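Letters A, B, ... mirror the listed sequences (proteins, then strands); counts begin at 1. Nothing here was measured: the structure is a model prediction, and the numbers come from that model.
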Amino acid sequence: MVGMISNFLTNPILSNVAQSTTRSVSIETGMKAIGRPSFILADKKLDKSTKNYAAVKEFLYQLTCLGVYMALVIPVFKNGAFALAKKGFKDEKAFGYFKNAKNYLNYLKLSKMEKAERLNVMQKKGKNLEFSEQIKNNLINQDKPEKYSIVKGAIELGNIVGCVLGLAIISPQVSHLVVHPALKLLGFEKPKQPAPTPEQPQSADIKNTRLSVNA
Amino acid sequence: MKLPKIKDLCIKLGESNKATYAVVAIAAAKGIFRPIFTLADKHEKKETKKYAAAREGLTEVVAIPTYLGVGKLSEVIAGKLKGLSPEKMEVAKHNANFLGVCVAALFVIPALASLVTKPFSKKVQNSSNAEHKLDIKENAVPENIVPKNKVSVKKPYNYVSMEGFLPAKPEITKVGAPW
């Protein structure tokens, strides 16, 4: 049992997910999309229609956040931060070895593998791996290739800034445009009716008046 | 902030990027901006806006210490595992921190947030009910207009119901018809 827990906690896949801001934030937002509506639905003091409305609204909000984050924030901030750091830290050679953030992340993935496995993967992928000579040498000759922490840190910092901007500022605006029409479409919100003019209620009253002659 | 400090921050994040860093930063920013956006919504009622903004703000206020606390607690629990090399122990603690964040987002924060916001929502509900009652009183018909003693009108002996003679649709009924 303890061995199973140890193996699970030291799993390299879990480690990769936990080290990446984008993956961990995406999973955390997914958890929120499940957890928060579930707790609203479990509230016994609220009436059913209010619960359903609040739960669906919260679910749609979190889903919008996740969509905005994955579609807009991840691609923009990952590459943006790399390019910005490359300009800012001109004295750092590490940035010169890689074309872009994707190129570095491919290298990082390979550098975490055992040497034999790494060489095997490199042989299979061949020309698809567009690394500079320095990087190829690192991967082929070193048992534990250099990680270039500053490059990873710059990408992660960009991702954190992107998360904050995307989830706290952009998503509420987008969700405002998306959530209410979606709730109307699902029948949780009534479409707004035009306010009646002062003359209309009178005519309506007359129309709906039933004459009852009791005497 | 100067560039060397950013450089140090980048190196530190590159060596160890905990899941709590991002989620705490997001919660802090959401705690500030989400209530502001809710209060700025022109389509909602004032009372609804106040309640929603306070609930959102409180949820994020609850979320920050919870993420930190549950993340740290998970690390401590993972630290008690035996038979791991120092390198593997570091990985286990890091992964446990991430799992702690997931547990916090899925169970702990929604549960705590519903506990914290409950008294507040009751207060808001009571105040809105009080306002509603006031409205009813203001719009109510004064009591002295309503007759206290009901006068019963007896039907005459030759009473004939007119119901059959009335048009079926009330729309075509004109007030002040000859009958």
Legend entry - Greater than 12 external heavy atoms within 6.0 Å of B/Glu90's CD: no
Inset, instruction - Using modelled atom types only, decide if a donor and an acceptor are shared between the side chain of B/Lys49 and the backbone of B/Thr38 within a distance under 3.5 Å. - result: no
Inset, instruction - Sort out for me which of B/Asn95, B/Thr59, B/Leu13 touches chain A most, counting heavy-atom pairs under 4.5 Å. - result: B/Asn95
Legend entry - Exercise: identify the closest heavy-atom pair between A/Phe59 and A/Ala33: CD1-O, 3.3 Å
Legend entry - More than 12 heavy atoms of other groups within 6.0 Å of B/Phe107 CZ: no
Legend entry - For chain B, the option from A/Arg36, A/Arg23, A/Lys32 that forms the most heavy-atom pairs under 4.5 Å: A/Arg36
Inset, instruction - Could you tell me which of A/Glu92, A/Lys152, A/Met31 has the largest number of non-hydrogen atom pairs under 4.5 Å with chain B? - result: A/Met31
Legend entry - Under 4.5 Å from a heavy atom of chain A, the part of B/Glu56 involved: neither
Inset, instruction - Using the side-chain contact (heavy atoms from CB on, under 4.5 Å) rule, take A/Leu105 and A/Lys109 through it: C-alpha gap first, then chi angles, then the decisive distance, then the call. - result: CA-CA 6 Å; A/Leu105 293 172; A/Lys109 206 174 174 181; over 6 Å; no
Legend entry - Largest heavy-atom contact set with chain A, pairs under 4.5 Å, which of B/Ile32, B/Ile26, B/Val91, B/Ile11: B/Ile26
Inset, instruction - Counting only heavy atoms closer than 4.5 Å, note whether A/Val164 contacts chain B via side chain, backbone, both or neither. - result: both
Inset, instruction - For the pair B/Asn17 (side chain) and A/Gln19 (backbone), establish whether a donor and an acceptor sit closer than 3.5 Å, ignoring hydrogens and angles. - result: yes
Legend entry - Basic-acidic side-chain contact under 4.0 Å: B/Glu75, B/Lys18: yes
Inset, instruction - Measure from the side-chain N and O atoms of A/Ser171 to the backbone N and O of A/Ala168, and report whether any donor-acceptor pair falls under 3.5 Å. - result: no
Inset, instruction - Give, as side chain, backbone, both or neither, the part of A/Lys147 having an atom under 4.5 angstrom from any heavy atom of chain B. - result: neither
Inset, instruction - Would you mind checking which part of B/Leu99 comes under 4.5 Å of any heavy atom in chain A, side chain (CB onward), backbone (N, CA, C, O), both or neither? - result: side chain
Inset, instruction - Show your reasoning for whether side chain to side chain donor-acceptor pair (under 3.5 Å) applies to A/Thr50 and A/Asp47. - result: CA-CA 6 Å; A/Thr50 312; A/Asp47 65 286; 2.6 Å; yes
Inset, instruction - Residue by residue, scan residues 6-16 of chain A and write down, ordered by number, those that have a heavy-atom distance under 4.5 Å to chain B; if none do, write 'none'. - result: A/Ser6, A/Phe8, A/Leu9, A/Thr10, A/Asn11, A/Leu14, A/Ser15
Inset, instruction - Look at the rings of A/Tyr107 and A/Tyr148 and say which category their plane angle falls in: under 30° parallel, 30 to 60° tilted, over 60° perpendicular. - result: tilted
Legend entry - Interchain contact, A/Leu157 with chain B, by part (heavy-atom threshold 4.5 Å): both
Legend entry - Backbone of B/Ser114 reached by a side-chain donor or acceptor of B/Arg55 within 3.5 Å: no
Legend entry - chain A contacts, top residue of B/Arg34, B/Lys12, B/Lys30 (heavy-atom pairs, under 4.5 Å): B/Arg34
